Amino acid sequence: MDALARKLGLRTQPTIFFVSAGLMVTFLIVLLIFPDQLNKSFSAGREWIVTNLGWYFIFGVTAWLIILLAVAFSPYGQVQLGRKDEPPEYSFPSWFAMLFAGGIGTILMFWGVAEPISHFSNPPKAGVEPYTVEAAQDGMNFALYHLSLHTWAIFCLPGLAFAYFIHRYELPVRVSSVFYPFLKDGIYGPIGRAIDILAILGTLFGVAVSIGLGTSQIGAGLGELFGWANNTTLQVAIVIVLTTVAVTSIVRGLDKGVKLLSNINIAMAIGLMVFVFLTGGMTLFLLRQLFETTGNFVSELPQLMLWNDALANITKDDGWGWQGGWTVFYWAWTVSWAPFMGIFLARISKGRTVREFVLGVLFAPSIFTIIWFVIFGWSALRIDGMDGSEGPISAAVAESIPLSMFAFFENYPLTTLVQGLAVIIVAIFFATSSDSASLVVDMLCTGDGDSGPTRQRVFWGVSEGALAALLIVLAGDEGLNALQQVITVIGLPMFTLMFLAGISFLVALQKENLQFVTKVRGVPEEAVFAGREALDRGEVSGEQAATQRDETTDDRSDVPG
């Protein structure tokens with residue numbers, strides 16, 4: 001495989017690259033040939049996991065959040081994610097824009113109106129009447145629970161572990177590197193390679209399905225604007241356009257591509273949010289709700305994050321189905337993005353301290369999420385009426401979730417223009433998710449933070465678009481449904497893997513000599529040895545290797561005290 005990689009002009013770890021690509025193609029072929037069978041098998045698996053291990057997901061994510069906050073406010077919060085005395089590579093605004101656009105920007109556009117209204121129409125808790133003020137408040141609390149602190153905790157814990165081992169231990173940019181305290185040089189063996197391959201496949205299929213599903217909202221918006229049928233042809237055309245934009249960004253690289261696209265997109269999203277805030281005739285109401293909703297959410301969060309609906313089989317006809325279909329599914333789906341988002345966060349966070357990383361990743365997007373849901377969610381609820389009966393927005397969500405945002409904009413001036421802007425924002429959000437994922441997959445194959453050859457990066461970008469397009473054309477709804485079940489089932493081992501990554505990070509953190517933690521000194525001896533070993537094995541190269549040669553004599557922890 002080494003010879004083939006050289007012949008193709010690739011700079012990669014051959015086993016990881018070729019096995020990942022081969023399994024991707026093999027799985028796609030099986031999915032296309034046997035979509036019904038796979039859907040049934042994985043549907044049964046998902047049902048078992050949700051029923052018997054749903055509590056594990058709910059407890060686990062809450063535990064991650066508590067661990068992160070404890071580490072951030074402990075003395076270990078001063079540990080820098082790197083060795084050199086240098087400022088962070090990106091300014092805070094650019095850093096925030098990239099982590100947000102690569103993360104859940106698409107989800108906020110999709111669910112900003114639809115999720116609060118969905119819980120408003122079908123209250124999660126027993127005894128709450130739909131279409132009431134109480135249902136509206138509960139709906140907003142659940143939407144914020146699903147898409148603020150806990151979602152970002154799923155990204156933050158593995159991201160922190162990756163950043164620590166990649167920048168401080170100077171290990172390869174791979175998921176396997178975070179297991180160094182347990183595996184040692186085994187991270188370069190079969191177990192380490194298997195971990196990296198699993199991470200690549202989870203990223204590829206997770207992002208491909210998100211792109212495939214996201215075309216439904218873009219297609220719905222185009223249908224609303226131009227009367228086009230939201231059919232397979234339109235959706236494939238959308239995927240082609242999104243892939244073209246993503247590949248162009250990939251070719252330009254992280255600084256000129258992803259950074260620029262992310263900054264443009266976040267500015268457009270903020271502009272749309274300000275428009276809704278100022279032109280809906282509810283500005284004072286939304287200002288008051290911003291404070292009240294934040295208070296309600298903070299006060300309800302301890303109960304929400306431990307709620308397992310344990311009495312559901314007594315109080316509800318569908319048992320524990322609601323939480324399994326929402327909260328557990330959210331956590332299982334989100335964790336399939338954890339390797340991608342974790343590596344991406346690590347790559348853009350060199351030079352920041354543990355405390356800066358945790359507080360920035362957890363709270364900056366969460367604050368934005370609260371503002372977003374207050375403006376879009378409460379505006380939709382106010383338009384709907386909250387008078388005990390179904391209103392126009394509730395009816396639109398019940399008819400078509402992808403169309404709900406566009407139906408919402410019919411209540412605002414410049415409807416056509418705003419709907420068009422919303423389509424563009426959703427499209428760019430999906431493009432930034434795709435190009436970010438492609439660059440991360442490429443890093444997982446090369447093992448360092450530098451971009452691989454253009455053809456290598458383009459291969460992964462085109463692969464994601466091709467997966468999404470082929471699923472739409474050849475497998476249709478059955479293929480997408482089957483893949484959703486697959487990702488939910490894969491979420492269980494991925495969740496456990498990321499949990500172990502967090503434990504590995506805590507084990508390594510205990511070896512830090514806090515008396516000498518500065519921007520240069522205080523690196524544990526194990527970190528120095530690990531970096532040298534990675535260099536000797538050829539697992540790191542280029543500028544990263546040169547940095548190690550210059551620094552290994554300085555990074556010593558065997559100092560007095």
Side-chain angles (χ1 to χ4, degrees), residues 104-124 128-144 146-147 213-231 234-235 238 269 272-273 275-277 279-282 285-286 289 293 322 325-326 330 369 372-427 429-430 477:
I104 62 170
T106 51
I107 298 175
L108 293 187
M109 286 295 296
F110 195 87
W111 289 110
V113 168
E115 179 160 359
I117 290 291
S118 293
H119 305 328
F120 172 66
S121 304
N122 299 283
V128 177
E129 293 297 322
Y131 310 116
T132 62
V133 170
E134 184 182 5
Q137 292 173 333
D138 277 357
M140 188 63 64
N141 286 335
F142 274 101
L144 293 176
H146 287 153
L147 294 171
L213 294 175
T215 58
S216 63
Q217 187 178 31
I218 299 172
L222 294 175
E224 186 79 6
L225 289 170
F226 306 110
W228 297 345
N230 189 13
N231 53 26
L234 178 61
Q235 292 183 13
I238 292 169
L272 183 64
M273 183 172 64
F275 173 82
V276 172
F277 177 71
T279 64
M282 293 177 271
F285 169 74
L286 295 176
Q289 276 296 348
T293 298
W322 183 90
W326 281 94
Y330 261 138
T369 298
W372 184 276
F373 269 104
V374 164
I375 291 176
F376 283 90
W378 275 114
S379 294
L381 289 164
R382 183 72 178 268
I383 292 170
D384 211 60
M386 293 180 284
D387 59 0
S389 59
E390 183 182 70
I393 307 298
S394 297
V397 171
E399 179 183 353
S400 172
I401 287 178
L403 265 177
S404 59
M405 179 69 80
F406 303 102
F408 169 74
F409 286 134
E410 291 177 357
N411 298 276
Y412 289 82
L414 305 174
T415 299
T416 302
L417 177 63
V418 174
Q419 289 176 334
L421 179 63
V423 170
I424 294 172
I425 292 173
V426 172
F429 268 133
F430 275 104
D477 292 337

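Fair warning: this is a prediction, and the values are worked out from it, not measured in the lab.
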Separation between [atom1] of [X] and [atom2] of [Y], rounded to the nearest 0.5 Å:
{"X": "F120", "Y": "T132", "atom1": "CZ", "atom2": "OG1", "value": "7.0 Å"}
{"X": "N411", "Y": "R382", "atom1": "CG", "atom2": "CZ", "value": "13.0 Å"}
{"X": "T416", "Y": "L225", "atom1": "OG1", "atom2": "CG", "value": "6.5 Å"}
{"X": "I117", "Y": "I383", "atom1": "CD1", "atom2": "CD1", "value": "9.0 Å"}
{"X": "L286", "Y": "M273", "atom1": "CG", "atom2": "CE", "value": "11.0 Å"}
{"X": "Q289", "Y": "I375", "atom1": "CD", "atom2": "CD1", "value": "12.0 Å"}

Just so I know, are the side chains of [X] and [Y] near enough to count as touching, which here means a heavy-atom distance under 4.5 Å?
{"X": "L147", "Y": "E115", "answer": "yes"}
{"X": "L414", "Y": "T279", "answer": "no"}
{"X": "P413", "Y": "F275", "answer": "yes"}
{"X": "V397", "Y": "S121", "answer": "no"}
{"X": "V276", "Y": "F409", "answer": "yes"}
{"X": "V418", "Y": "L421", "answer": "no"}
{"X": "V133", "Y": "Q137", "answer": "yes"}

Measuring centre to centre across the rings, with the benzene-like ring taken for any Trp, is H146 within less than 6.0 Å of W111?
no

Nearest heavy-atom pair of [X] and [Y]: which atoms, and what distance?
{"X": "P116", "Y": "G377", "result": "CG-CA, 4.2 Å"}
{"X": "L144", "Y": "T369", "result": "CD2-O, 4.1 Å"}
{"X": "M405", "Y": "V113", "result": "SD-CG2, 4.0 Å"}
{"X": "V128", "Y": "P123", "result": "O-CG, 3.4 Å"}
{"X": "A114", "Y": "I401", "result": "CB-CG2, 3.8 Å"}
{"X": "P402", "Y": "Q217", "result": "O-CG, 3.6 Å"}

Paired with H119, the ring pair (Phe, Tyr, Trp, His ring centres under 6.0 Å) test is passed by just one of Y131, W322, F373, namely W322

Are the side chain of [X] and the backbone N or O of [Y] linked by a donor-acceptor pair below 3.5 Å?
{"X": "W372", "Y": "L108", "result": "yes"}
{"X": "D387", "Y": "S389", "result": "yes"}
{"X": "N230", "Y": "G223", "result": "no"}
{"X": "Q419", "Y": "F406", "result": "yes"}

Determine the interplanar angle of the Y412 and F408 rings, folded into 0 to 90°, and report it as parallel if under 30°, tilted if 30 to 60°, perpendicular if over 60°.
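Aromatic pair Y412/F408 classed tilted.
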
